[in-house]
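Worksheet for the structure shown next.
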Amino acid sequence: MPGMLYLVPTPIGNLGDISARCRQTFAQADFIAAEDTRVTLKLLNYLELKKPLVSYYEHNKAESGPRIVSRILDGETCVLVSDAGSPAISDPGEDLVRLCAEAGIPVCAIPGPCALVTALSASALPTGRFCFEGFLSINKKSRQAHLTSLKNEQRTMIFYEAPHKLLATLNDFAQAFGPGRKITLCRELTKLHEEYYRTTLGEAVTHYTETPPRGEFVLVLAGAEEVPDEAPTMEQAVALVQAKLSDGLSKKDAVKLVAKETGLAKNALYEAVLQAER
Ligand code: SAM
């Protein structure tokens, strides 16, 4: 019987956010796979727990991942944690979850702290539809392609960003989405200096040019306004009139109706319909 992989979310600042279920899952695990074992050791000390730790992070995941999978297949129970927040969201945990799923290992995700959900909830921007965009690439070409793909995105967008890259990202945002676009910069969530700065891209650029950014940030960006339907061409409007004529409407009524629907001038449309019949 294979064991199990548990995904345990850990506090993104406030240690009080660790849940009773997370504590119990740590206590029952055979071992813990951690992004940074020193960070996780501090949490285990806080919880007064002792557990074997193995390291699993971006630069050793290719070797460490299969070793963890093999231990779970032998019947051990593993808890995966990242440095903070929900494992597998913008961190290498994503690959371990895939490996386990492919090996037929059951994966159980425990709900808890997640920077993007915390930020979105209090952003005061629409939460009904949103998309998580993770970190922007530092490669100029793929970064530009990513931003271009979001040009007409109407859902609220969420990004992670490091403080030393924040100003460059805000400048790129202002260029791509315009300085008037609303943004909520969510800083140091659940920590002493927690802040929600609800502003526009232009103002955010000015602010962080004057005051260098510090701490961790989630950026919640408003979606684009609804793109108005393009006005139909005269040719398309004539086709609409012709469809109404074959439905039995008189020319006068059909033109009147289509002119109203499309916003085109009635006389010009009538003339175009006559032209098409010649
Ligand atoms: N898996 C984690 C999650 O989704 O909760 C996030 C891991 S990702 C490597 C780290 C990024 O999360 C940071 O660069 C920052 O954008 C965001 N973040 C984490 N903790 C935060 C906090 N307390 N306040 C604001 N942003 C935070």
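Keep in mind that the numbers below use all heavy atoms, side chains included, and drop hydrogens, waters and symmetry copies. Just follow the structure's listing: the first ligand is 1, and inside any ligand the first atom is 1.
The closest donor-acceptor contact from the side chain of Thr156 to the backbone of Pro126 lies under 3.5 Å. For Tyr160 (side chain) and Leu116 (main-chain N/O), a donor-acceptor pair under 3.5 Å exists by modelled atom type.
Phe159 pairs with exactly one of Phe177, Phe173, Phe132 by the ring-ring contact (aromatic ring centres under 6.0 Å, His included) rule, that one being Phe173.
Looking from atom 7 (C) of ligand 1 to the surrounding protein, the closest heavy atom is Ile89 O, 3.9 Å. At the top of the distance list for atom 9 (C) of ligand 1, counting protein heavy atoms only, stands Ser90 O, 3.4 Å. For atom 10 (C) of ligand 1, the closest non-hydrogen atom of the protein is Phe135 CZ, 4.0 Å. With respect to atom 24 (N) of ligand 1, the closest heavy atom belonging to the protein is Leu189 N, 2.9 Å. In this structure, the protein non-hydrogen atom closest to atom 2 (C) of ligand 1 is Ala84 O, 3.3 Å. Here the heavy atom of the protein found nearest to atom 3 (C) of ligand 1 is Tyr160 OH, 3.4 Å. The protein atom (non-hydrogen) at minimum distance from atom 21 (C) of ligand 1 is Glu216 OE1, 3.6 Å. The closest protein non-hydrogen atom to atom 16 (O) of ligand 1 is Phe217 O, 2.6 Å.
Distances from ligand 1 to the non-hydrogen atoms of Thr190 include no value under 4.0 Å.
Taking a cutoff of 4.0 Å between a charged side-chain nitrogen and a carboxylate oxygen, Asp95 and Arg98 qualify as a salt bridge.
For a threshold of 3.5 Å applied to N or O pairs, the pair formed by Ile12 and ligand 1 contains at least one separation below that value. Remark: ligand 1 and Arg187 share no N or O pair separated by less than 3.5 Å (distance only, no angle test). Inclusion of Ala115 in the set of residues having an N or O under 3.5 Å from an N or O of ligand 1 is warranted.
When every heavy atom of Tyr208 is checked against every heavy atom of Glu195, the shortest pair comes out as OH-OE1, 4.0 Å. Pairing each heavy atom of Thr200 with each of Pro179, the nearest pair is CB-O, 3.5 Å. Nearest heavy-atom pair across Ser82 and Thr10 is O-OG1, 3.7 Å.
Contacts of Pro87 with ligand 1, taken as heavy-atom pairs under 4.0 Å, are absent altogether.
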